[in-house]
Amino acid sequence: ELMRDRLDLRFRETGHQNAYFPLFIPQSFLEREAAHVEGFAKEAAIVTHTRLKATDDGKLIPDPASKLEEPLIVRPTSETIIYEMFAKWVQSYRDLPLLYNQWANVVRWEMRTRLFLRTTEFLWQEGHTAHATHDEAEAEALQMLGVYREFMEGYLAMPVVVGQKSDSEKFAGALRTYTCEAMMQDNRALQNGTSHNLGQNFAKQFELKFASESGGEEYAWNTSWGVSTRMVGGLVMTHGDDKGLVMPPRVAPIQVVIVPIYRKDDERELVLAKAAEIVAALGGIRTHVDDRDKLTPGAKFFEWEMKGVPFRIEVGPKDIAKGQVVLARRIPEGEERKQFLPEADVLGSMAQRLEDYHTFLLDRARARRDANSHRGIDSYDRFREIMEGPGGFVYAGWCESAECEEKVKEDTKATIRCLPSEEFRSDPAPAKCLVCGADATTEAVWAKAY
RNA sequence: CGGGACGUGGCGCAGCCCGGUAGCGCACCUGAAUGGGGUUCAGGGGGUCGCGGGUUCAAAUCCCGCCGUCCCGACCA
């Protein structure tokens with residue numbers, strides 16, 4: 001919920017409006033865009049009937065009499081149905097741009113699912129926009145990629161490599177696809193969010209046209225962009241450890257948990273009153289007092305650690321007498337697991353400690369990623385060694401031939417995660433294609449992916 | 001669809017090889033003592049052993065068939 005709210009805020013700040021479009025898409029809509037057909041035909045959930053009928057043995061079967069003339073597809077993504085609507089709404093360049101987002105569940109019947117990372121049904125947001133020019137659409141696609149990156153790094157403490165997808169990896173029907181790629185703790189890549197410049201591909205199929213300023217009739221330029229609950233999986237696999245979840249503080253539902261320590265009723269009263277004081281003093285910070293009776297403090301410690309709460313404050317009668325509290329951070333750094341500190345100091349520094357913890361988690365994840373990123377690899381044998389061994393990201397030259405890309409996939413299962421944006425490119429740029437040794441025309445990041 | 005494994009109280013598993021009528025941990029209920037890192041002790045409730053058939057005096061256990069789940073692969077924005 002916190003993640004969604006934060007993203008919605010940024011969508012609004014960048015001029016978008018939330019909307020909601022239909023769940024069912026007429027099959028003919030999907031047929032209109034050729035690449036789209038190929039991309040989604042193999043993984044569709046299809047509605048063919050509208051009624052059930054009881055058989056003699058008490059089972060239910062689809063009533064043959066209710067068979068639909070045209071099947072409905074449970075949306076795998078909403079480009080087609082949204083652009084069908086956009087076409088009705090746009091007449092003039094004055095109606096542009098259209099800037100919408102929707103949160104919706106979509107269905108992709110993959111042969112094999114993976115918890116959080118590739119589920120049959122998943123919740124995502126999909127932004128859809130229509131613009132008058134290519135450049136405006138391109139700027140929008142890049143802007144939203146930036147919003148994603150800023151969110152992943154700034155809120156999830158999850159560093160990403162951003163760049164463009166190769167032709168074979170781009171979205172079905174897109175001109176260009178941009179991506180945020182994170183590295184999990186097993187050194188595999190996770191595509192965490194994508195943004196597409198769809199060009200005029202969909203506009204042409206759905207007659208999304210407008211009268212331009214100069215009086216001509218032109219097709220609109222579309223973008224779409226999305227992140228899903230896959231990010232939750234990414235978060236778990238980026239920060240988690242053997243004790244459980246590790247929540248980055250800016251999206252942690254509970255940032256500070258307070259565990260009161262007491263034995264007798266009078267102590268309980270005293271300590272809970274102090275806990276309430278602490279909560280009040282930490283106004284603006286998401287706190288929770290674990291006042292459950294019949295659970296020992298130790299049991300609570302383990303539970304909140306497993307749930308990844310960034311900080312725990314313990315307070316008991318002895319602490320109150322001394323004006324101190326016990327402070328413990330989910331992932332300690334240098335310090336002891338528990339620190340005995342003056343109450344006032346802890347309360348005064350909590351906001352800063354949360355910020356520092358975010359930075360710590362981000363830096364830690366970035367250091368791990370960088371330690372497992374390989375540059376200057378110019379031998380294909382060496383590349384294979386890396387992929388067959390520890391894995392990780394390999395930055396290397398590419399001749400941009402689909403053959404070389406395919407060979408790598410066959411040999412190692414690694415794929416091109418992206419052609420990195422300038423910020424991530426190697427200096428000097430790799431000269432030769434990693435695979436065929438011809439002159440490289442671009443740099444690519446290879447990795448095994450989820 | 002190909003390869004592999006597994007189905008036994010709510011959850012996780014042992015028992016199966018070598019048949020004798022079901023057990024452990026967690027969870028749950030009751031009581032008492034405990035309470036600053038997963039409390040302890042005592043008592044208690046809960047299971048068509050995935051389904052069907054066969055062998056046998058006797059099947060969770062052996063045999064045959066089926067169903068289901070998971071993992072690996074093919075697939076995958």
Side-chain angles (χ1 to χ4, degrees), chain A residues 33 35-44 75-79 106-115 117-120 122 124 126 141 145 148 163-181 188-198 223-228 230-231 242-244 257-265 267-268 271 290-307 312-322 324-328 330 332 336-340 409-410 413 415-418 448-450:
Chain A
E33 214 289 326
H36 221 53
V37 171
E38 215 169 297
F40 294 109
K42 289 173 291 188
E43 50 186 55
R75 61 185 166 215
T77 180
S78 304
E79 273 79 4
V106 292
V107 168
R108 297 177 188 183
W109 217 278
E110 309 280 3
M111 282 178 176
R112 215 151 114 61
T113 58
R114 249 191 131 100
L115 190 62
L117 305 185
R118 190 179 304 110
T119 44
T120 300
F122 57 97
W124 77 345
E126 46 179 329
L145 185 76
Y148 288 155
Q164 189 179 334
K165 284 291 185 188
S166 67
D167 279 350
S168 74
E169 297 276 336
K170 76 180 184 190
F171 175 71
L175 200 58
R176 283 186 286 280
T177 290
Y178 299 100
T179 179
C180 294
E181 300 282 330
R188 289 165 80 108
L190 184 72
Q191 177 176 311
N192 244 321
T194 54
S195 180
H196 317 288
N197 180 340
L198 300 173
T223 79
S224 66
W225 26 274
V227 295
S228 72
R230 170 181 266 200
M231 268 195 311
D242 289 347
K243 290 180 183 173
V257 66
I258 297 141
V259 178
I261 311 289
Y262 53 81
R263 289 179 208 188
K264 301 168 198 131
D265 281 352
E267 284 178 348
R268 181 170 194 272
V271 167
D290 188 351
D291 60 358
R292 287 175 297 177
D293 247 329
K294 314 254 198 277
L295 263 189
T296 59
K300 294 177 182 177
F301 299 162
F302 275 85
E303 180 175 331
W304 294 115
E305 259 161 25
M306 186 174 69
K307 290 179 175 172
R312 179 182 73 241
I313 291 175
E314 301 167 27
V315 60
K318 290 180 217 161
D319 302 309
I320 295 174
K322 293 187 203 166
Q324 71 175 21
V325 295
V326 174
L327 181 69
R330 175 61 176 81
E336 294 295 314
R337 184 173 64 176
K338 287 186 183 194
Q339 298 185 87
F340 297 78
K409 194 171 178 180
E410 274 173 28
K413 298 204 168 147
T415 51
I416 293 177
R417 302 321 303 153
C418 70
K448 287 188 197 167
Y450 276 106

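Scope of the values below: all heavy atoms of this structure, side chains included, with no hydrogens, waters or symmetry mates. Naming: A, B, ... by sequence-line order, numbering from 1 per chain.
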(request) Kindly compute the distance separating NZ (A:Lys170) from CZ (A:Arg176), expressed to the nearest 0.5 Å. (result)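 The distance works out to 9.0 Å.
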
(request) Could you tell me the separation between the OH atom of A:Tyr450 and the CG atom of A:Leu117, rounded to the nearest 0.5 Å? (result)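 That separation rounds to 7.0 Å.
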
Answer with base, sugar-phosphate or nothing: what part of the nucleic acid does [X] contact at a heavy-atom distance below 4.0 Å?
| X | result |
| --- | --- |
| A:Val259 | nothing |
| A:Pro76 | base |
| A:Arg230 | nothing |
| A:Gly316 | base |
| A:Thr77 | base |
| A:Glu305 | base |

(request) Test the A:Arg230-A:Phe122 pair against the cation-pi criterion, namely NZ or CZ under 6.0 angstrom from the six-membered ring centroid and within 45° of the ring axis. (result)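 Judged by the rule, A:Arg230 and A:Phe122 form no cation-pi pair.
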
Roughly how many Å apart are [M] and [N], using the [atom1] atom of each and rounding to a whole number?
| N | M | atom1 | answer |
| --- | --- | --- | --- |
| B:U8 | B:A14 | P | 10 Å |
| B:G44 | B:U56 | P | 41 Å |
| B:A22 | B:G9 | C1' | 11 Å |
| B:G47 | B:C1 | C1' | 37 Å |
| B:U39 | B:G35 | C1' | 7 Å |
| B:G19 | B:A58 | P | 15 Å |
| B:G10 | B:G46 | C1' | 9 Å |
| B:C51 | B:A59 | P | 15 Å |

(request) Report, as yes or no, whether the 6.0 Å neighbourhood of atom CD on A:Glu110 holds more than 12 heavy atoms from other residues, nucleotides or ligands. (result)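 Yes - once you tally the heavy atoms of other residues, nucleotides and ligands closer than 6.0 Å, there are more than 12.
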
(message) Counting neighbours of CG on A:Asp293 that are heavy atoms of other residues, nucleotides or ligands and sit closer than 6.0 Å, is the number greater than 12?
(response)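 More than 12 within 6.0 Å, yes.
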
On a plain distance test, is the side chain of [X] in donor-acceptor contact with the base of [N] below 3.5 Å?
| X | N | value |
| --- | --- | --- |
| A:Lys300 | B:G37 | no |
| A:Arg263 | B:G36 | no |
| A:Glu303 | B:G38 | no |

(request) For A:Val325 and for A:Lys409, locate the closest nucleotide of RNA chain B by heavy-atom distance; then report the residue assigned to the nucleotide nearer the 5' terminus. (result)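 Per heavy-atom nearest nucleotide, the more 5' residue is A:Val325.
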
Which protein N or O atoms sit under 3.5 Å from an N or O of nucleotides 39-42 of chain B?
| from | atom 1 | to | atom 2 | distance (Å) |
| --- | --- | --- | --- | --- |
| B:U39 | OP1 | A:Thr296 | OG1 | 3.3 |
| B:U39 | OP2 | A:Thr296 | OG1 | 2.1 |

(request) Would you please confirm or rule out a distance under 4.0 Å between OP1 or OP2 of B:C76 and any side-chain N or O of A:Lys42? (result)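 Indeed, a polar side-chain atom of A:Lys42 lies that close.
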
(message) Would you call the rings of A:Phe171 and A:His196 parallel, tilted or perpendicular, taking 30° and 60° as the class edges?
(response)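 It falls in the parallel class, under 30°.
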
(message) Looking at every heavy atom in both A:Glu33 and A:Gly173, which two are closest together, and how far apart are they?
(response)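 In terms of heavy atoms, the two residues are closest at OE1-CA, 3.7 Å.
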
Can you give me the N/O atom pairs linking the protein to nucleotides 71-73 of chain B at distances under 3.5 Å, or say none if there are none?
| from | atom 1 | to | atom 2 | distance (Å) |
| --- | --- | --- | --- | --- |
| B:C72 | OP2 | A:Arg112 | NH1 | 3.0 |
| B:C72 | OP2 | A:Arg112 | NH2 | 2.2 |
| B:C72 | O5' | A:Arg112 | NH2 | 3.3 |

